[in-house]
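Everything below concerns the one structure shown next.
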Amino acid sequence: MNIKQLLSEKVLSAMVAAGLPEDTNPAVSISNRANFGDYQANGVMGAAKKLKTNPRELASKVLEHLDLSDIASKVELAGPGFINIHLSQTWLAEQLSSIAADTKLGVAQRGQSSDDQAQNVVVDYSAPNLAKEMHVGHLRSTIIGDAVVRALEFRGDTVIRQNHMGDWGTQFGMLLAHLSDKLQANEVAETALADLENFYREAKVRFDDEEGFADRAREFVVKLQSGDSECGTLWQQFIDISIAHSEEIYEKLNVTLTRDDIMGESAYNPDLPKVIDELMAKHIAVEDQGAKVVFIDEMANKDGEPSVFIVQKSGGGYLYATTDLSACRYRSGELNADRIIIFTDARQALHFKQVEIVARKAGFLPEHVSYHHCPFGMMMGDDGKPFKTRTGGTIKLAELLDEAVVRAKALIQEKNPDYSGEKLDEIARKVGIGAVKFADLSKNRTSDYIFNWQTMLSFEGATAPYLQYAYSRIQSIFTKADVDQTSLTNDFAIVEPQEKALALKLLQLEDVIDAVISECTPNLLCNYLYELASLYMSFYEACPILKEGIDAQVKNSRLALCAQISKTLKQGLDILGIDVMERM
C-alpha cells in the first residue's frame, strides 16, 4: 500500500486535466501538521512559477478536476496554492483490513506490475581482511549492508550477496611462513590461529626483526602467486580457519552472510591480466614509468591535471584497483546485475568513483547497470576520536558484542530479578546485540557517530530496547485478554485521532521501505519504527482496550490494531536484523 503514490497519480491526472504538462511533479508529501491535513500536494506552486501565473487560481482549477471522494473526507485549498488532503477514516479502515490479511503487511512485491520489475541486485558488504580478526571498523559495513539486503528481499528483488574478503596479497607470505613454522613445531593450525590478532603480531615482529624471515615470507608470496600446491594447501587452511572466525561474528550479529556469499580477492586473480590487456588495447590505460596507469580527465584538479589511477605496479603486481575493475565485469556479466551496491567507509569514496569511470569506459559496467558506492561515517569514542581501546588499540568486534550482552544482562536482572538461566541469557543476547545494531543503524549512514553504552541500552527514546519493549507490551495485552491474535476479525473502526494516526503510519510502510532501498539508508526505517511505537504508547493511554464496558466491536478493532502494530514492529526490526521477545 503506497498512499503517496496513489494520491500522486490522482493529483497529476487532475493537473493534466487542468491544462498542465504531463511531466508536472504533483509534489505530494505527508503533512507535518495535522491541521494541514494528512497529505499535501504542493506541485501547483512550482508549475505556476514556470507558467508565470497565479498559483492559487491554478490550484483552484486543479481542484475542479480532482476527485478524491472515495479516499478523502475533505480536500481544501490553503495559502497561495497548497492542496490539503484529509483522508477518510472509513477508507483508512478498509485499507487496514486489506493489509492485515497480507503477510507482506501491504508492501507490494516487485514484478506485480510492468513498471515495477524485480531487479538483480549485487550487494558488496562486510568485506573483512582474513589476515586479522574482525574489529569495530567492520561493524557498519556489515549491519548496514545486511539491513539493505533484507529490505530489498522483502520488497521482492533478487539479491546476490558478495562478501569481498581480503584473502590475498603480500601480507599472506608473512603469515604463511609463520604458520608453516608453527606446524613444523607440531602445533595444530586451529590452536595457532585461535587468536588471529596475536598471530599477526607475532608474524610481523619476526618479519621486522628476525634475520632471513622476511626473505622466506617473500618466497611464500611467489609460491602462492605461482600456484605452488603445498603453499596453496597451507593458504587454504589459513583461510578456512579465518573464515570460521568471521562466521562466529555473523552469527552473534544475526546477519545473513554465509560462507557461500564469499567472493574473496583471490577469486579474481585469473582475470587480472585480461583486465590490463583490455585497458591497454582500448587505449584507456597507458604505460608510465613502468606502471600501467589510467589518467582520468573527468576528475581533473583545478589546474587541469587528470586524476591518476594505477592499475598495475611497475613490478607487475596488481592492486585493489585491478581487482575492483574485474569485480565490475564479473558482477555485471556473470551475475547479470541490474544494480551494484558497495558499502565501505567514506575514505574509499574517491577510489570507487575512479573505478566506476574506468569500468564504464572499458565496458565492464554497461550503461543499464547502476553502480552505487555507499560510504559511511566512523564510529567515534566519547572523545570524538575513532573508537579505540583505552590503550589506543583496535577493539575486536567479538569482544564488543560480548560486552553488550553482559551489560544488557545486568540491566535486565536489575529490572526483572525473577529472570534467570537460559531465559535471561536469551533476552540479554537479543537486547544487547539489538542495542548495538540499532544505535548504529538509526544514525544517518554518512555521518560519524558517538558510541555510548548508556544511550544505546536505554529503555527510553529511539533505541532497540524501547522498541523491543513496545512489542512485548503488546503481546502482554493479548496474554491478559486471553485472545489469540489469529482469531481476530480484521474489522477496523477508526474513530479517535490516535487510531487515525496509527492507521496512517501503518499504511506508510511501503513508502519507507522504498526510501531505504533507494538511498541505502536504514535509519529511515529506524525512525519509522520509533514513531510507530511512540504513537502506540499514546494510543494505549488514550484508547482503553480491556477496560470493562468497552463495546465488543471497538475492543476487537483496537486489538486488531495492536496486532497489526506488533506485526509491523516485528517485521521492521527483522529487516534491521534485530530480534524481539514475547516477554521482556
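Predicted model only: the values in this text are computed from it and were never measured.
Listed by first and then second residue, the salt bridge (Lys or Arg N to Asp or Glu O under 4.0 Å) pairs that reach into residues 75-101 are Lys74-Glu76, sequence neighbours excluded. Counting only residues at least two apart or in different chains, salt bridge (Lys or Arg N to Asp or Glu O under 4.0 Å) contacts with residues 29-43 comprise Asp38-Lys500. Judged as a salt bridge (Lys or Arg N to Asp or Glu O under 4.0 Å), not a single pair has a partner in residues 443-467 (not counting sequence neighbours). Annotation: salt bridge (Lys or Arg N to Asp or Glu O under 4.0 Å) contacts involving residues 512-528, sequence neighbours excluded, comprise Arg155-Asp514.
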| request: List the steps and the verdict of ring-ring contact (aromatic ring centres under 6.0 Å, His included) for Phe343 and Phe376. | output: CA-CA 7 Å; Phe343 291 95; Phe376 50 80; 7.5 Å; no
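Residue Glu153 is tested with Arg110, Arg161, Lys104 for a salt bridge (charged side-chain N to carboxylate O under 4.0 Å, His left out); the sole match is Arg161.
A 6.0 Å sphere centred on NZ of Lys570 holds no more than 12 heavy atoms belonging to other residues, nucleotides or ligands. Counting heavy-atom neighbours within 6.0 Å of Lys61 NZ, excluding the residue itself, gives a total of 12 or less.
Look at Arg331 and Asp124 and you find a salt bridge, because one of the NZ, NE, NH1 or NH2 atoms lies within 4.0 Å of a carboxylate O, short of that distance. Using a 4.0 Å cut-off between a side-chain N of Lys or Arg and a carboxylate O of Asp or Glu, Glu298 and Arg360 do not qualify as a salt bridge.
Counting all heavy atoms, side chain and backbone alike, Arg150 lies closest to Asp574 at NH1-O, 2.8 Å.
In terms of the side chain to side chain donor-acceptor pair (under 3.5 Å) criterion, Lys4 has no residue partners (sequence neighbours excluded). Under the ring pair (Phe, Tyr, Trp, His ring centres under 6.0 Å) criterion, Tyr469 pairs with no residue, sequence neighbours left out.
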